[in-house]
Structure formats: structure tokens, C-alpha cells
Amino acid sequence: MKDLIHAVVAIGRASPHQQVLTALTEALTARPTADATTLGALRAVVATTPALRPLVEQLMLAWQASTGVTGAALAGMLACAYEVAAAERAALRVEPVVTGPQSRHVPLRATRQAFESITVAARQELLVLTYSAHTDARIVATLGAAINRGVQVRILVETTRAEGGTLSTPALDALAGLPAQFYVWDPARRPRRNSPASMHAKGVVADGHSAFLTSANLSGHAFEANVEVGVRIVGGDVPARLRDHFRALIADAVFVPVTPNPI
């Protein structure tokens, strides 16, 4: 039942609008069991919504493993999950985040604090974006703690010039001890003008519910000494849209997996 609840919540959060959710609940209400006909009907509903396709497959597997849950009951669960997710999205909070000198009259959240608050909030998945990275024990510990509690951590980094990127030293070296999933922008998929384009984004997205977008790379200097600026976003649809964007780029092999060199 726990897997079924997780699948229901995931669809409630990922459904882009009420019409898709209504079509799903109608398909379930008309079909009492998790059979091939029901799966076909649900697949047809989400055929034009890529983000929902794998979630529907997970829902069906979890439903098949659960006993005593009718299609109508599952439809009601999905409707409730969607309404809760809609309320979460409506409760959008955005705040500025800085590294560097603080002004006396405008208290602002610090970069490290924002990074750690988003990372600690992750329960299922964490997307980390950085151009470069430098060894920082606290950053590594924060990400390691997320991995230890079962969070799937994906880290997208830039590569060196020798690997088709723009860095002089590997960003992966600072993170090589983490059992995370690492990705780089495939050099063959980058536009080239006078020099190759770079993976220059920086930020972190947790569970499609909260995000921290920043000018700061993953380093102690950027988190505590430089002048850096960013925004912390909790709620709304922006975190989920960012997550889904990079999920799609990974699925399309624009970003490809890479293994760090052993420490």
C-alpha cells in the first residue's frame, strides 16, 4: 500500500492541469481492476504528457500489488492528491539569497544555508547543477546525508577542455567520493561558435517542490566569500518544471552519465 500511495502522490504532483487528472480518474472509475485494459486506457490518457507516462506504469504495478483497492477508490485517491498538490503549488514562497557582505537593513538568507535547506528537504530525488566544484567537506557531507537517507542524487557538471568542455581542472574530482549519479553535457550535442558552449547552470532542485537557483558554484569560496546572488523557491510549479526539463535532457542523452576517477 505504501508504494501505491507514493505513486498516487507522484501523479497528483506531476499532473499539469485538472483536465489530465479528470481523464485519469474517469478511466479508473469505469474499470474496477488493474488489468491490461485499464493500463491501455491510462496510457492513452497520458500519451501526450511524457512526464506522466512512467508514473502511470508505477501506479499500475503498485495497484496490482495491493488488495482491496477498486478503480473508483484509486480515482478518489488521485483526486485528493491533485488537490493537495495544487494547494502546495499555490503556497509559493520566493526569497533572495546572497553570499558576501550583508547590508544592515535588508536581512537575506545566506547561500550555504539555502543550499542545505533545500538538500535536507529532499525525500526522493535531488538534482544538483554546477559549472565547477572545489573540495568542501560540508557540501560533500550534506549531499552524502541525502544519499544515505535514500534520496536519488543526480549531479550535472561541466567537463574539462580535454573532454570537450571548458574547465581547466575536473569538477568531478571534488565530488568523486559521493555515490551519486553524475552527468555531463555530451560534447557532440553542444553548439560551437568560437569555443564550445558550457554547462554553466548552478542550483539544486528537491522533489520537484523546492529549488535554489544561484550564481554560486559548489565551493566553499562561492558559498561563503564571493559576492553571489540567487533565489530560493518553495512551492509553485517552477521546481517541478526545472526537474522535468533536466530529466528530459538526460532521457534524450543530451546529458550522459559519467564515472568520476577513483579517489
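Given the structure is predicted, the values throughout are model-derived calculations rather than measurements.
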TODO: Please check if Phe223 and Val153 belong to a single hydrophobic cluster, counting links between Ile, Leu, Val, Met, Phe, Trp and Tyr side chain heavy atoms closer than 4.5 Å.
DONE: yes

Name every donor-acceptor pair, under 3.5 Å, that has one atom in a side chain of residues 198-209 and the other anywhere in the protein, sequence neighbours excluded.
unit_1 : atom_1 : unit_2 : atom_2 : d
His200 : ND1    : Lys202 : NZ     : 3.3
Lys202 : NZ     : His200 : O      : 3.3
Asp207 : OD1    : Gln124 : N      : 2.9
Asp207 : OD1    : Glu125 : N      : 2.8
Asp207 : OD2    : Arg123 : N      : 2.7

Task: CG-CG distance between Asp244 and Leu249, expressed to the nearest 0.5 angstrom - done: 11.0 Å

TODO: Check whether any side-chain heavy atom of Thr135 sits under 4.5 Å from a side-chain heavy atom of Leu175, and report yes or no.
DONE: no

Open item on the list: Would you say Ile147 ends up clustered with Val140 if hydrophobic residues are merged whenever their side chains have heavy atoms under 4.5 Å apart, either directly or through other cluster members?
Closed with: yes

Task: Leu4 and Val69, any side-chain heavy atoms less than 4.5 Å apart - done: yes

TODO: Sorted by first residue and then second, give each side-chain hydrogen bond (donor to acceptor under 3.5 Å, both in side chains) pair with at least one member in residues 21-40; sequence neighbours left out.
DONE: Gln18-Thr22, Thr33-Asp35, Asp35-Thr38

- [ ] Scan residues 49-78 for pairs that pass side-chain hydrogen bond (donor to acceptor under 3.5 Å, both in side chains), counting only residues two or more places apart or in two chains.
- [x] Arg43-Glu57

Task: Heavy-atom side-chain proximity of Val254 to Trp185 below 4.5 angstrom - done: yes

TODO: Locate the shortest heavy-atom distance separating Ala85 from Gly12; write the atom from each residue and the value.
DONE: CB-O, 3.4 Å

Open item on the list: Could you work out, with ring pair (Phe, Tyr, Trp, His ring centres under 6.0 Å) as the rule, every residue matching Tyr82, not counting sequence neighbours?
Closed with: none

Task: Interatomic spacing from OG1 in Thr99 to CD in Gln113 - rounded to 0.5 Å - done: 11.0 Å

Task: Nearest atoms (heavy-atom pairs only) where Val151 meets Ala122 - done: CG2-O, 3.5 Å

Task: Nearest non-hydrogen partners of Pro96 and Leu108, listed with the distance - done: CG-CD2, 3.4 Å

Task: Set of side-chain hydrogen bond (donor to acceptor under 3.5 Å, both in side chains) partners for Thr214, sequence neighbours left out - done: none

Task: Closest approach of Ala222 to Thr111 (non-hydrogen atoms, all atoms of both residues) - done: O-CG2, 4.4 Å

TODO: Step by step, work out the side-chain contact (heavy atoms from CB on, under 4.5 Å) result for Leu156 and Phe246.
DONE: CA-CA 9 Å; Leu156 279 58; Phe246 283 98; 3.5 Å; yes

Task: Asp136 side, atom CG; Thr142 side, atom OG1 - distance, nearest 0.5 Å - done: 8.5 Å

TODO: Answer yes if Ile250 and Leu129 sit in the same cluster of Ile, Leu, Val, Met, Phe, Trp and Tyr residues linked by side chain heavy atoms under 4.5 Å apart, and no otherwise.
DONE: yes

- [ ] Compare all side-chain heavy atoms of Phe182 with those of Leu172 and state whether any distance is below 4.5 angstrom.
- [x] yes

- [ ] Any chance you could measure Asp252, atom CG, to Asp186, atom CG, to the nearest 0.5 Å?
- [x] 12.0 Å

Open item on the list: Walk me through whether Val128 and Leu218 qualify under side-chain contact (heavy atoms from CB on, under 4.5 Å).
Closed with: CA-CA 9 Å; Val128 181; Leu218 290 185; 3.8 Å; yes

- [ ] Spell out, as yes or no, whether a donor-acceptor pair under 3.5 Å connects the side chain of Asn217 to the backbone of Ser219.
- [x] no

- [ ] Given side-chain contact (heavy atoms from CB on, under 4.5 Å), test Leu78 with Ile11 step by step and report yes or no.
- [x] CA-CA 7 Å; Leu78 280 174; Ile11 289 179; 3.7 Å; yes

- [ ] Indicate, with yes or no, if Leu213 and Phe255 share a hydrophobic cluster defined by side-chain heavy-atom contacts under 4.5 Å among Ile, Leu, Val, Met, Phe, Trp and Tyr.
- [x] yes

Task: Value rounded to 0.5 Å, distance of CD1 in Ile155 from OG1 in Thr130 - done: 9.0 Å

Task: N/O donor-acceptor pair under 3.5 Å between Ser210 side chain and Ile118 backbone - done: no

Open item on the list: Going by side chain to side chain contact (heavy atoms under 4.5 Å, CB included), Leu59 matches just one of Asp3, Leu39, Val8. Which one?
Closed with: Val8

Open item on the list: Distance check, rounded to the nearest 0.5 Å: Glu116 atom CD versus Arg138 atom CZ?
Closed with: 4.0 Å

Task: Donor-acceptor pair, side chain of Arg190 and main chain of Ala197, under 3.5 angstrom - done: yes

Task: Closest contact, heavy atoms only, Gly164 versus Pro196 - done: O-CB, 3.9 Å

Task: Other ILVMFWY residues reachable from Val234 by side-chain steps of under 4.5 Å - done: none

TODO: Could you tell me which residues satisfy side-chain hydrogen bond (donor to acceptor under 3.5 Å, both in side chains) with Glu163, sequence neighbours excluded, listed by chain and number?
DONE: Thr160

TODO: Go through the steps for Gln181 and Gln152 under the test side-chain contact (heavy atoms from CB on, under 4.5 Å), then give the verdict.
DONE: CA-CA 8 Å; Gln181 299 174 27; Gln152 179 192 55; 3.4 Å; yes

- [ ] Using a 4.5 Å cut-off on heavy atoms from C-beta on, say whether the side chain of Tyr183 contacts that of Val256.
- [x] no

TODO: Check whether any side-chain heavy atom of Leu143 lies under 4.5 Å from a side-chain heavy atom of Leu126, and answer yes or no.
DONE: yes

TODO: Using salt bridge (charged side-chain N to carboxylate O under 4.0 Å, His left out) as the criterion, list what pairs up with Arg13, not counting sequence neighbours.
DONE: Glu88

Task: With sequence neighbours excluded, residues passing side-chain contact (heavy atoms from CB on, under 4.5 Å) with Val94 - done: Leu92, Val231, Ile233

Open item on the list: Looking at every non-hydrogen atom in both residues, tell me the closest pair between Leu21 and Ser15 and how far apart they are.
Closed with: CD2-OG, 3.9 Å

- [ ] Using ring pair (Phe, Tyr, Trp, His ring centres under 6.0 Å) as the criterion, list what pairs up with Phe212, not counting sequence neighbours.
- [x] none

Open item on the list: Give me each pair satisfying salt bridge (charged side-chain N to carboxylate O under 4.0 Å, His left out) with a member in residues 215-242, each pair once, sequence neighbours excluded.
Closed with: Glu95-Arg232, Arg112-Glu224, Asp237-Arg241

Task: Side chains of Leu42 and Met60 in contact at under 4.5 Å (non-hydrogen atoms) - done: yes

- [ ] Answer yes if Ile139 and Val120 sit in the same cluster of Ile, Leu, Val, Met, Phe, Trp and Tyr residues linked by side chain heavy atoms under 4.5 Å apart, and no otherwise.
- [x] no

Task: Flag, side chain of Arg161 to backbone of Thr169, donor-acceptor distance under 3.5 Å - done: no

TODO: Determine whether Val20 and Leu52 make a side-chain contact, defined as any pair of heavy atoms from C-beta on separated by less than 4.5 Å.
DONE: yes

Open item on the list: Side-chain heavy atoms under 4.5 Å apart, restricted to Ile/Leu/Val/Met/Phe/Trp/Tyr: what other residues fall into the cluster of Leu167, or is it alone?
Closed with: Tyr131

